[in-house]
Amino acid sequence: MNELFSVKDQVVVITGGTGVLGACIGEYLALQGAKVVLMGRRKEEGDRLVAEINAKGGEALFLVTDVMDAEVLQANCDEIMARYGRVDALLNAAGGNMPGATIAPGNTFFDVKIEEFQKVLNVNLTGTVLPTQIFLKPMVEAGRGSIVNFSSMAAFRPMTRVLGYAAAKAGISNFTAFLANEVATKFTSDIRVNAIAPGFFLTNQNRALLTNADGSLTERGNDVIRQTPFKRFGRPEELCGTIQYLISDASSFVTGTVAVVDGGFNAFAM
């Protein structure tokens, strides 16, 4: 049997693990044989997800975390190392947005609330850099590992409205390329750093922006579908194959890239 794409027995840490995308990816990887650690703020939801995964035959653990708190993250890492002895992969899926960091159709740039803009930069960008600092250390000590950051379509194009989120995601793409070079040249080429850029997937964060209460599309939802050649939103499980590729030996010569999973959105011109 070809084991090129195998993630069996990998210890995979996922920040934002209680979100729609993080939870789906976590369950998938656990059922592929990985030992998955879901990390997030919502303990009740995290415990529920872990119970479901374990009931299906996977192995999962939930840890309460704060991606903006180095002490909490270090405690998480220490607990994982005590339990498993290593970290093979880190998926930085934590993120979010705030109304004050967006520009509603009736507003202008002058209405942006700088404090909320800063919070969005922090949770998305700093909330990727800080966990990476913590969880990269055991990878360096082991001499191998894989990091996958979560970028966005908003990193490629200056989309209307999402000022803070787009700035943060552009920063994540840049950080991914920077860190790939930094790690390979100063530590080892057996640690790879890549990112995934999902197209438009319905999540708790954007559902009200893209769909109405009756399930029909909002004006912005229609705009998205019009620019997506597949003419639909992505399904969370459609990210799993790309994630598996990026943390498996199948991508052993791949680093510093942003893998686009978007139904053609970024390729659409007119």
Side-chain angles (χ1 to χ4, degrees), residues 11-19 21-22 25-26 37-41 63-81 86-98 101 114-142 144-156 162-198 205 243 246-247 254-259:
V11 178
V12 181
V13 176
I14 307 177
T15 70
T18 58
L21 303 184
I25 292 166
V37 182
L38 298 177
M39 304 208 314
R41 292 174 297 177
L63 296 178
V64 175
T65 199
D66 179 350
V67 295
M68 294 300 300
D69 190 321
E71 289 187 6
V72 172
L73 288 164
Q74 187 61 60
N76 296 148
C77 187
D78 292 344
E79 184 170 346
I80 293 166
M81 292 297 290
R86 67 185 194 279
V87 174
D88 297 304
L90 169 67
L91 310 184
N92 282 308
N97 206 351
M98 300 185 74
I114 292 300
E115 63 276 13
E116 292 192 20
F117 175 85
Q118 187 64 59
K119 288 178 181 177
V120 170
L121 289 183
N122 284 343
V123 71
N124 289 280
L125 181 52
T126 308
T128 291
V129 174
L130 192 52
T132 300
Q133 274 194 318
I134 302 298
F135 288 97
L136 176 61
K137 290 176 184 176
M139 294 183 190
V140 170
E141 291 169 3
R144 67 186 314 275
S146 179
I147 296 170
V148 180
N149 299 322
F150 276 59
S151 185
S152 167
M153 289 297 100
F156 293 94
V162 289
L163 174 64
Y165 185 79
K169 291 299 186 179
I172 286 172
S173 292
N174 186 279
F175 169 65
T176 298
F178 167 84
L179 191 65
N181 177 68
E182 181 80 358
V183 169
T185 56
K186 293 184 180 176
F187 300 116
T188 174
S189 60
D190 288 327
I191 298 175
R192 295 171 291 106
V193 184
N194 292 289
I196 189 169
Q205 179 181 311
I243 292 289
L246 289 174
I247 67 172
V254 178
T255 198
T257 66
V258 179

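Note that these values count all heavy atoms, side chains included, but never hydrogens, waters or copies made by symmetry.
Note that CD1 of Ile147 and CD1 of Ile247 are 12.5 Å apart. Values are rounded to the nearest 0.5 Å. Atom CD of Glu116 sits about 12.0 Å away from atom CG of Leu163, to the nearest 0.5 Å. Summarising the geometry, atom CG belonging to Asp190 is positioned 11.0 Å from atom OG1 belonging to Thr255; distances are rounded to the nearest 0.5 Å. Interatomic distance, CG of Leu246 versus CD1 of Ile196, reported as 6.5 Å (0.5 Å rounding). In this structure, CE in Met68 is found 5.0 Å from OG1 in Thr126, a value given to the nearest 0.5 Å. Rounding to the nearest 0.5 angstrom, the gap separating the CD atom in Glu182 from the CD1 atom in Ile191 is 12.0 Å.
Two residues are said to be in side-chain contact when any heavy atoms from C-beta on lie closer than 4.5 Å; Asn76 and Phe135 meet this criterion. You'll find the side chain of Met98 stays beyond 4.5 Å of the side chain of Phe117, heavy atoms only. For the pair Asn149/Val193, a side-chain contact is recorded, criterion being any heavy-atom separation below 4.5 Å from C-beta on. Between Thr15 and Thr65 there is no side-chain heavy-atom pair separated by less than 4.5 Å. Contact of the Asp88 side chain with the Val12 side chain is not registered, since no non-hydrogen atoms from C-beta on lie closer than 4.5 Å. Counting heavy atoms from C-beta outward, Leu73 and Met39 have side chains that approach closer than 4.5 Å. Between Met139 and Val87 the shortest side-chain heavy-atom distance falls below 4.5 Å.
Within 6.0 Å of atom CD in Glu115, more than 12 heavy atoms from other residues, nucleotides or ligands are found, so the atom counts as buried in its surroundings.
Of all heavy-atom pairs between Tyr165 and Ser152, the closest is CE2-OG, 3.7 Å. Heavy atoms only, all atoms of each residue included: Thr128 and Asn124 are closest at OG1-O, 2.8 Å. Of all non-hydrogen atoms in Pro131 and Asn92, the two that sit nearest each other are CB-OD1, 3.6 Å. Annotation for Ser151 and Val258: closest pair CB-CG1, 4.3 Å, computed over non-hydrogen atoms. Annotation for Leu91 and Ile25: closest pair CD1-CG2, 3.8 Å, computed over non-hydrogen atoms. Closest approach of Ile14 and Gly26 over heavy atoms only: CD1-CA, 3.5 Å.
At least one donor-acceptor pair closer than 3.5 Å links the side chain of Lys169 to the backbone N or O of Phe150.
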